[in-house]
Amino acid sequence: MAQVRDIPSPQSRHAVSALPIQATHFHEGQQARPLDAFRLDVAQVPAGDPLERHLGAWFVATVVLDAAAQANGAERQLLVRRFLREHAGQQLPPLPAPVDPEILSDAVLAIAGEMEDAVCLALADCALAALVRVLPAGTPVLMGRALSRRARLALAEMRTDAARRLWTQVQSLGRRHALPELTARAALGLGEIEARLGHPKDARRWFVRALAVDGSTGDTRAGAYHNLMVLSAAAGDFEASVEYGRRALATNVHAHRRTVLVHTAQLLLDMGHPADALRTFGAALALPLAPEDGVVACSGACVAAAHALDRDAANRIVDVLALRIQAMARRFSLVPRLQYALAFAFAELRDAYARLGRHEERDAARERGRAIAAAHGVGGAVLRLDAPASIATPPRPALSPAAVRRVLAIGAANDEAWLPASVS
């Protein structure tokens with residue numbers, strides 16, 4: 001059994017800087033250990049960032065969970081109890097009462113979600129992998145949920161083979177145990193792989209299949225509708241995209257609502273409804289957002305404000321959100337997968353400044369975006385930054401009266417309390 005009592009909590013990146021690491025990437029079938037995962041994640045956190053404190057606590061929690069996965073019998077139970085008591089704040093019944101596997105699963109999924117939101121994907125994956133090994137036999141639903149989360153992390157890093165393998169395991173569990181939740185969840189995940197690989201027709205078939213499963217969860221339905229919204233918008237079918245966005249929001253699943261609001265707002269902006277887009281971006285920004293969504297929401301809201309408000313009101317909003325974009329660019333400067341979104345955000349900020357006639361800031365935003373794109377080889381963002389600034393409001397596509405009403409209802413449904421009274 002691992003002697004977890006002898007492992008210190010790293011207070012900063014320097015606490016483990018002299019320790020060897022076996023690999024910088026974890027390949028198919030290779031299991032990350034907590035120290036390796038910590039080293040990978042801390043390398044993406046700027047020195048002195050307050051997140052270092054959380055990383056230390058997450059590292060210790062993962063060490064305890066990993067030790068439980070390596071232990072057996074009474075030793076495993078003691079370590080699981082330690083994890084739940086010290087790192088999840090759980091009050092547990094005295095021994096010999098066993099720990100409810102669902103309590104353990106919920107606790108690990110919650111902590112892994114915090115790690116994921118902070119872009120600490122290696123530690124999150126390590127914790128989830130330990131959960132899979134600790135869960136007792138006879139808990140296929142809990143096992144499938146943990147495997148799905150691991151697959152989502154793999155896809156976020158474009159490890160598509162690993163993601164496919166994990167979601168195929170979820171699919172097999174669903175079929176073997178007749179569990180529609182897992183069958184639908186796997187279909188959604190396999191569709192997301194195809195979408196990421198640029199196969200929209202195959203992706204659409206998987207998403208439709210996920211929606212057809214009787215007994216799927218609201219979380220899966222929201223994800224399928226959201227993905228169909230994105231695919232339809234990319235194909236230029238705005239009417240279908242609006243309807244899928246409405247259905248995704250109607251599921252009222254909080255975890256998906258954040259991303260759906262951001263993408264719906266962007267859709268409204270692209271359709272020539274900047275005021276409704278601004279309200280919807282505002283509703284998203286009132287929620288805790290994942291880093292990618294936060295970057296998109298801030299830059300999109302800048303463009304929407306520049307088109308929807310009078311100049312003074314727009315300038316106030318753009319000034320506040322530009323500071324947030326700059327702060328995120330500093331915080332995530334070492335996270336490769338966020339560099340395209342950051343470079344694109346400065347392109348949109350450039351457009352907002354151009355619309356407002358702020359030429360000095362326009363040029364500075366363009367140069368900041370170009371520097372990010374050049375440093376990380378983000379060619380698509382360079383093309384966007386080199387193109388002339390877009391200052392015209394996009395034309396409104398021809399939609400049926402019912403679709404127009406849905407568009408306006410989405411904007412009207414969102415809280416505009418954060419906006420100046422001059423919103424049009």
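Values below: all heavy atoms of this structure, side chains included; hydrogens, waters and symmetry mates excluded.
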Stepwise side-chain contact (heavy atoms from CB on, under 4.5 Å) check, C302 with V318: CA-CA 5 Å; C302 286; V318 169; 4.2 Å; yes
Closest approach of A68 to V134 (non-hydrogen atoms, all atoms of both residues): C-CG2, 3.9 Å
side-chain contact (heavy atoms from CB on, under 4.5 Å) evaluation trace for V170 with L166: CA-CA 6 Å; V170 176; L166 289 162; 5.8 Å; no
Criterion side-chain contact (heavy atoms from CB on, under 4.5 Å) on V64 and E86, from CA distance to verdict: CA-CA 10 Å; V64 175; E86 296 180 5; 5.5 Å; no
Distance (rounded to the nearest 0.5 Å) between R145 CZ and M143 CE: 12.5 Å
Residues L109, L128; criterion side-chain contact (heavy atoms from CB on, under 4.5 Å); working and verdict: CA-CA 7 Å; L109 292 179; L128 291 167; 3.6 Å; yes
Side-chain heavy atoms of V295 within contact of F344, under 4.5 Å: no
Close side-chain approach of F207 and L188, heavy atoms under 4.5 Å: yes
Under 3.5 Å donor-acceptor, T251 side chain and A248 backbone: yes
From D125 atom CG to L153 atom CG, the distance as rounded to the nearest 0.5 Å: 5.5 Å
Pairwise distance CG(L334) to CG(D41) - rounded to 0.5 angstrom: 12.0 Å
Test item: L285 and L321 side chains (from C-beta on) under 4.5 Å apart, heavy atoms: yes
Charged N-O contact under 4.0 Å between R133 and D66: yes
For L287 against R258, the heavy-atom pair lying closest together: CD1-CG, 3.8 Å
Atom pair CD (Q171) and OG (S148), whose distance is rounded to the nearest 0.5 Å: 11.0 Å
Nearest heavy atoms of P274 and H307, plus distance in Å: CB-CB, 3.7 Å
Donor-acceptor pair, side chain of Q266 and main chain of F281, under 3.5 angstrom: no
Under 3.5 Å donor-acceptor, S216 side chain and E181 backbone: no
Note, V108 side chain near F83 side chain (heavy atom, < 4.5 Å): yes
4.5 Å side-chain heavy-atom contact, R164 and T160: no
Any donor-acceptor N/O pair, S333 side chain to R330 backbone, under 3.5 Å: yes
Test item: R76 side-chain N/O and Q70 main-chain N/O as donor-acceptor pair under 3.5 Å: no
Donor-acceptor pair, side chain of T264 and main chain of V260, under 3.5 angstrom: yes
Heavy-atom check, side chain of E292 versus side chain of T259, under 4.5 Å: no
Spacing of Q77 atom CD and L95 atom CG [to the nearest 0.5 Å]: 7.5 Å
Close side-chain approach of L179 and P140, heavy atoms under 4.5 Å: yes
Presence of salt bridge, R279 and D276, under 4.0 angstrom: yes
Straight-line distance of T62 OG1 to L131 CG, nearest 0.5 Å: 11.5 Å
Test item: Q44 and P336 side chains (from C-beta on) under 4.5 Å apart, heavy atoms: yes
R204, E194, E192 screened by side-chain hydrogen bond (donor to acceptor under 3.5 Å, both in side chains) with N227, the one that passes: E192
Minimum heavy-atom distance between A240 and S232, given as atom pair plus value: CB-OG, 4.0 Å
Closest heavy-atom pair and its distance - R331, A118: NH2-O, 3.1 Å
Minimum heavy-atom distance A265-A277, with the two atoms named: O-CB, 3.3 Å
